[in-house]
Amino acid sequence: MNKWGKLSLGMLLAVGLMTGCGNNNDNAASTDTNAGNTGTAAKTLTLGTSADFPPYEFHKVIDGKDTIVGFDIDIAKDIAADMGAELVIKDLPFDSLLNELSSGRVDMVISGLSPTEERKKAVDLSDIYYKAEQAVVVREADKDKFATMDSLKGAKIGVQTGSIQEDIAKGIEGAQLTSLGKISEIVLQLNSNRVDASIMEGPVAKSFVKNVKGLVITDAKPEVEDDGYVIGVKKGNTELLNQVNTTLTRLNSEGKIEEYVAAASELAESE
Ligand code: ARG
């Protein structure tokens, strides 16, 4: 190999290292669309999400391959397609997502994100693309015991770290919180009697009680101020925010979001 051959190989490696940095959990949505690319850098759109949240975003083996799917992912794919960009998905802890956004390690966050005043200050948020209610999940035998929000006073409650459910639980008198990184860990805690109840989004609760024997949704109804989900971009990234809202408007008018929710719910329930 001559000197220039070595140099360009070195450059390629360097670029590979830079773009590959911290990408251990990445799951490129499109496969090798850049193969044979002759030089122009392909535009990528990097999504940050916490893929522990069926039917919004979750792991599923598809054609023998671990894949991140869900209706948030479908929306992300449409945004990327409308931009002519390749979607790159990073599966990250929920409580790290907004920092990753601010530091530019991801371009947008779609992760069943609820708009809160605090988050509005930290990042820019899109229009609301979907709404759902909150639910309380308990062991079957406790269904009647925890039928109201009042009955959760003093209970052991499992919630996701950094979520609005953590705030809801903090507001319950005497509640003992267990904050965990992943919803699946909370479900395990419930199953093994280490927590009494968990608060989560209704669609997520439904998907877990379908798949995990012995858990049910109670009649208790946690109230939230800002219901609905939004997409986050880095503060000041108006160009991407406008693109996101344009795509959301299109998807809404075409009835696509309801379609994606239905398909993802089915996928979350199938083996
Ligand atoms: N909607 C809640 C929030 O914004 C929980 C979202 C959790 N998302 C996830 N992919 N685990 O705080």
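From a predicted model like this one, the values you see are computed outputs, not experimental measurements. Note that ligands are numbered from 1 as they come in the structure, with each ligand's atoms numbered from 1 the same way. We use all heavy atoms of the structure for the numbers below, so side chains are in, but hydrogens, waters and symmetry mates are not.
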Is there side-chain contact between Val187 and Leu215, with heavy atoms separated by less than 4.5 Å? yes
Flag the pair Lys145 and Asp196 as a salt bridge only when some basic side-chain nitrogen lies within less than 4.0 angstrom of an acidic carboxylate oxygen. no
Of Asp78, Asp74, Asp72, which meets side chain to side chain donor-acceptor pair (under 3.5 Å) against Tyr260? Asp78
Here the atoms of ligand 1 under 4.0 Å from any heavy atom belonging to Ser114 are 1 (N), 2 (C), 3 (C), 4 (O)
Using distance alone, decide if ligand 1 has a nitrogen or oxygen within less than 3.5 Å of any nitrogen or oxygen in Gly112. yes
Starting from atom 8 (N) of ligand 1, locate the nearest protein heavy atom and write down its residue, its atom name and how far away it is, to 0.1 Å. Ser111 O, 2.8 Å
Are the side chains of Phe53 and Ser207 in touch, meaning some heavy atoms are under 4.5 Å apart? no
With heavy atoms of Leu113 as the reference, note each atom of ligand 1 found under 4.0 Å away. 4 (O)
Would you call the rings of Tyr56 and Tyr130 parallel, tilted or perpendicular, where under 30° means parallel and over 60° means perpendicular? perpendicular
Heavy-atom gap Phe94 to ligand 1 smaller than 4.0 Å: yes
May I ask whether Ile183 places a heavy atom under 4.0 Å from ligand 1? no
Please tell me whether Val224 and Met149 are part of a single hydrophobic cluster in this structure, the criterion being side-chain heavy atoms less than 4.5 Å apart. yes
Out of curiosity, does Ile199 fall in the hydrophobic cluster containing Val137 (side-chain heavy atoms, cut-off under 4.5 Å, transitive links)? no
Heavy-atom gap Gln165 to ligand 1 smaller than 4.0 Å: yes
Just to be sure I read this right, does ligand 1 sit under 4.0 Å from the backbone of Asp52, its side chain, both, or neither, counting only heavy atoms? side chain
Flag the pair Lys121 and Glu118 as a salt bridge only when some basic side-chain nitrogen lies within less than 4.0 angstrom of an acidic carboxylate oxygen. no
So which of Arg119, Glu201, Gln160, Lys182 gets nearest to atom 3 (C) of ligand 1, if we judge by its closest heavy atom? Arg119
Any N or O of Ser163 that comes nearer than 3.5 Å to an N or O of ligand 1? no
Does Gly162, backbone or side chain, put an N or O under 3.5 Å from an N or O of ligand 1? no
Identify, by atom number and element, the atoms of ligand 1 in contact range of Ile164, meaning under 4.0 Å from any of its heavy atoms. 2 (C), 3 (C), 12 (O)
Glu57-ligand 1 polar pair, N/O distance under 3.5 Å: yes
Nearest heavy-atom pair of Val244 and Ser126: which atoms, and what distance? CG1-CB, 3.8 Å
